[in-house]
Amino acid sequence: MEEERTIAAISTPIGVGGISVIRLSGKNALKIANKVFNTTLKIEKIEPRKMYLGNFIAQSFKEKCMMVWFKAPNSYTGEDVVEFQCHGGTVIANGILETLIENGAVLAGPGEFTKQAFVNGKLTLDEAEGVMDMINAESESEVRAGYNLMQGSLSKEINNLQNELTKMIAKIEVTLDYPENDYEEQTASETIDGLQHIKEKLEHILKTSQTGQIVKNGSKILILGKPNVGKSSLLNAILNFERAIVTSIKGTTRDILEETYTYKGVKFVLTDTAGLHEANDVVEKIGIEKAKKAVNFADVILLVIDASEPLTQEDEEILELVKNKKTIVVKNKTDLKNVVNLNKYNFKHIVEISALNGQGVEDLKNLIYNLVIDENIINSNLMLTNMRHVEAIKKALKFLDECLKGLNAGITLDVVSIDLKNLWMALGEITGNNNNEEIINEIFSGFCVGK
Ligand SMILES: Nc1nc2c(ncn2[C@@H]2O[C@H](COP(=O)(O)OP(=O)(O)O)[C@@H](O)[C@H]2O)c(=O)[nH]1
Ligand SMILES: [Mg+2]
């Protein structure tokens with residue numbers, strides 16, 4: 001029977017380590033544990049949230065380990081949960097898991113503990129996604145964003161907006177269904193004001209998604225320039241290790257080279273390219289074509305020029321290629337001379353560095369960060385990092401605009417009410433709260449129509 005299902009899985013990475021954790025969740029968690037785990041206390045005496053030392057009797061070995069019971073509903077999943085902390089080791093953890101399955105548990109599917117938490121109302125959908133984001137985070141800013149999501153920063157906001165809508169819809173429905181009662185009517189202008197307020201909130205949330213996407217996927221930084229200006233040297237200087245081969249021979253970097261680094265807790269994906277020039281070598285030519293294409297996907301372009309020499313035609317062509325992109329012109333080799341003249345160009349960001357001795361590289365990293373990251377957003381507790389949420393908010397805004405358009409054109413509230421419900425549902429997609437029944441309940445509880 002579905003409700004009897006008790007799931008089990010190893011919750012720590014498989015491998016050799018100090019400890020492994022095996023988790024059981026479901027109605028029979030304690031019953032199953034009791035069959036395989038011996039401790040000095042009888043099962044009836046075991047208290048929740050206390051650690052017990054005992055012997056786990058696996059099929060082919062015994063293991064001295066700890067057990068803890070989280071009593072429903074006060075557990076991660078909302079069901080009875082039992083966790084075993086055993087010695088870390090593939091055979092031990094697998095043996096314990098197999099024994100649990102042998103004794104009535106079933107193997108948990110991916111994310112099933114968290115899914116169960118959602119089903120039991122412990123987490124909203126977006127909060128569950130926050131848990132996953134934290135686990136998969138590759139930078140500190142991603143961890144912070146995941147934590148905020150998990151803590152309900154988005155779901156609280158969305159719930160508030162849904163509640164505002166619920167009240168509007170309820171008032172409209174009451175006015176329509178019980179016209180003989182003189183309840184205070186929801187007017188069109190009231191609805192417009194209410195919707196404007198929701199629109200502002202949603203647009204404000206949506207605005208955070210640009211920074212959010214960078215936090216989630218990393219910011220793409222592309223190094224461009226003619227051969228031998230020091231592109232690969234710059235990549236190495238930014239990464240702080242010798243990743244790319246640097247020589248004085250033109251065409252040393254023939255393909256695209258991609259590496260990540262973090263700065264102030266944000267992930268950056270840095271790409272070194274083959275120098276842009278007329279190449280005869282086929283491999284180098286392909287590298288150059290790739291570099292030109294990459295221009296379109298970069299968040300910031302670092303255009304490297306050799307400060308110790310006047311600009312050449314090759315430089316000028318590349319400057320032309322990126323003039324409408326978010327570009328930082330990097331004047332390299334300033335340890336030699338600084339003779340290059342950029343007066344006839346209108347670049348806003350010009351940084352002088354020496355990739356050889358590292359001078360100016362920190363300032364450059366800071367400038368890159370400031371160009372892609374809005375600190376107000378990254379430090380606030382609400383930032384959209386998940387495309388599913390972005391799409392749901394865009395969808396909601398579409399319905400909202402439909403409502404406003406209708407209302408401004410004088411369409412009656414009963415017709416508009418359909419789009420209002422669609423808007424409510426689109427918001428509910430974010431949290432998993434899109435059960436229409438709630439609106440119905442609200443109508444009757446909030447307004448007490450009588451009889
Ligand atoms: N003096 C000086 N030489 C540099 C600097 N950066 C790079 N170089 C030299 O310029 C040459 C080409 O460098 P590389 O990074 O391979 O250039 P790329 O072809 O643009 O990738 C090498 O001999 C480097 O040592 C710098 O800041 N100062
Ligand atoms: Mg190179």
Side-chain angles (χ1 to χ4, degrees), residues 219-261 263 268-323 325-342 345 347 349-368:
S219 180
K220 294 177 190 61
I221 312 299
L222 183 70
I223 306 178
L224 280 188
K226 71 178 179 193
N228 257 3
V229 289
K231 295 181 296 300
S232 298
S233 305
L234 174 60
L235 175 108
N236 291 342
I238 289 176
L239 298 177
N240 233 338
F241 72 95
E242 301 301 307
R243 171 64 182 85
I245 300 172
V246 171
T247 74
S248 56
I249 304 161
K250 289 185 181 179
T252 302
T253 312
R254 305 204 301 173
D255 197 358
I256 283 196
L257 203 71
E258 199 177 271
E259 280 294 330
T260 61
Y261 70 96
Y263 184 77
F268 291 86
V269 184
L270 186 62
T271 304
D272 183 19
T273 59
L276 300 185
H277 70 124
E278 286 303 321
N280 296 321
D281 178 289
V282 181
V283 178
E284 198 185 353
K285 261 189 185 156
I286 297 172
I288 292 171
E289 281 313 307
K290 277 197 198 167
K292 282 186 177 162
K293 276 195 194 131
V295 169
N296 298 322
F297 300 104
D299 294 315
V300 176
I301 290 164
L302 306 181
L303 201 168
V304 186
I305 55 174
D306 186 338
S308 68
E309 289 173 353
L311 289 179
T312 64
Q313 196 185 334
E314 274 170 353
D315 288 314
E316 310 222 11
E317 278 169 17
I318 305 164
L319 285 163
E320 206 52 41
L321 182 73
V322 299
K323 73 172 188 233
K325 307 274 169 189
K326 214 182 236 182
T327 301
I328 302 173
V329 178
V330 182
K331 291 166 90 175
N332 188 30
K333 308 197 188 182
T334 51
D335 54 295
L336 295 174
K337 272 189 280 172
N338 195 350
V339 297
V340 75
N341 189 331
L342 288 168
Y345 291 96
F347 284 102
H349 309 289
I350 301 175
V351 178
E352 297 182 358
I353 67 151
S354 164
L356 197 67
N357 67 22
Q359 210 192 336
V361 174
E362 262 320 288
D363 288 344
L364 175 61
K365 281 169 119 172
N366 202 34
L367 178 58
I368 297 170

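Whatever order the structure lists ligands and atoms in, that order sets their numbers, starting from 1.
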The protein heavy atom nearest to atom 10 (O) of ligand 1 is Lys333 NZ, 3.1 Å
Would one find an N or O of Pro227, backbone or side chain, under 3.5 Å from an N or O of ligand 1?
no
Atoms of ligand 1 close to Leu336 [distance to a heavy atom under 4.0 angstrom, numbered from 1]
1 (N)
heavy-atom search around atom 15 (O) of ligand 1 in the protein gives Ser233 OG, 2.6 Å
Out of curiosity, Ile318 CD1 to Leu224 CG, how far, rounded to the nearest 0.5 Å?
7.0 Å
min-distance protein heavy atom vs atom 1 (N) of ligand 1 -> Asp335 OD2, 2.9 Å
Are side-chain N/O atoms of Asp315 and Thr312 paired as donor and acceptor at under 3.5 Å?
yes
Considering heavy atoms of the protein only, find what lies nearest to atom 18 (P) of ligand 1 and give residue, atom and distance to 0.1 Å.
Lys231 N, 3.5 Å
Distance (rounded to the nearest 0.5 Å) between Gln313 CD and Glu320 CD:
11.5 Å
So, is Ser232 placed with an N/O/S atom under 2.8 Å from the Mg ion (ligand 2), counting both backbone and side chain?
yes
Shortest protein heavy-atom distance from atom 25 (O) of ligand 1, along with the residue and atom involved:
Val246 CG1, 3.9 Å
Identity and separation of the nearest protein heavy atom to atom 16 (O) of ligand 1:
Thr247 O, 3.3 Å
Between Val304 and Val229, is any pair of side-chain heavy atoms under 4.5 Å apart?
yes
Around atom 19 (O) of ligand 1, find the nearest protein heavy atom and jot down its residue, atom name and distance.
Asn228 N, 2.9 Å
Is the closest side-chain heavy-atom distance between Asn240 and Tyr261 below 4.5 Å?
no
Does any part of the side chain of Ile221, heavy atoms only, come nearer than 4.5 Å to the side chain of Ile368, both counted from C-beta?
yes
Any non-hydrogen side-chain atom of Val295 less than 4.5 Å from a side-chain atom of Leu222?
yes
Protein residue, atom and distance nearest to atom 6 (N) of ligand 1, heavy-atom basis
Asn332 ND2, 3.1 Å
Hey, looking at atom 26 (C) of ligand 1, which of Leu234, Thr334, Leu356, Val361 has the closest heavy atom?
Leu356
Let me know which of Val330, Leu342, Asn332 forms a side chain to side chain contact (heavy atoms under 4.5 Å, CB included) with Ile305.
Leu342
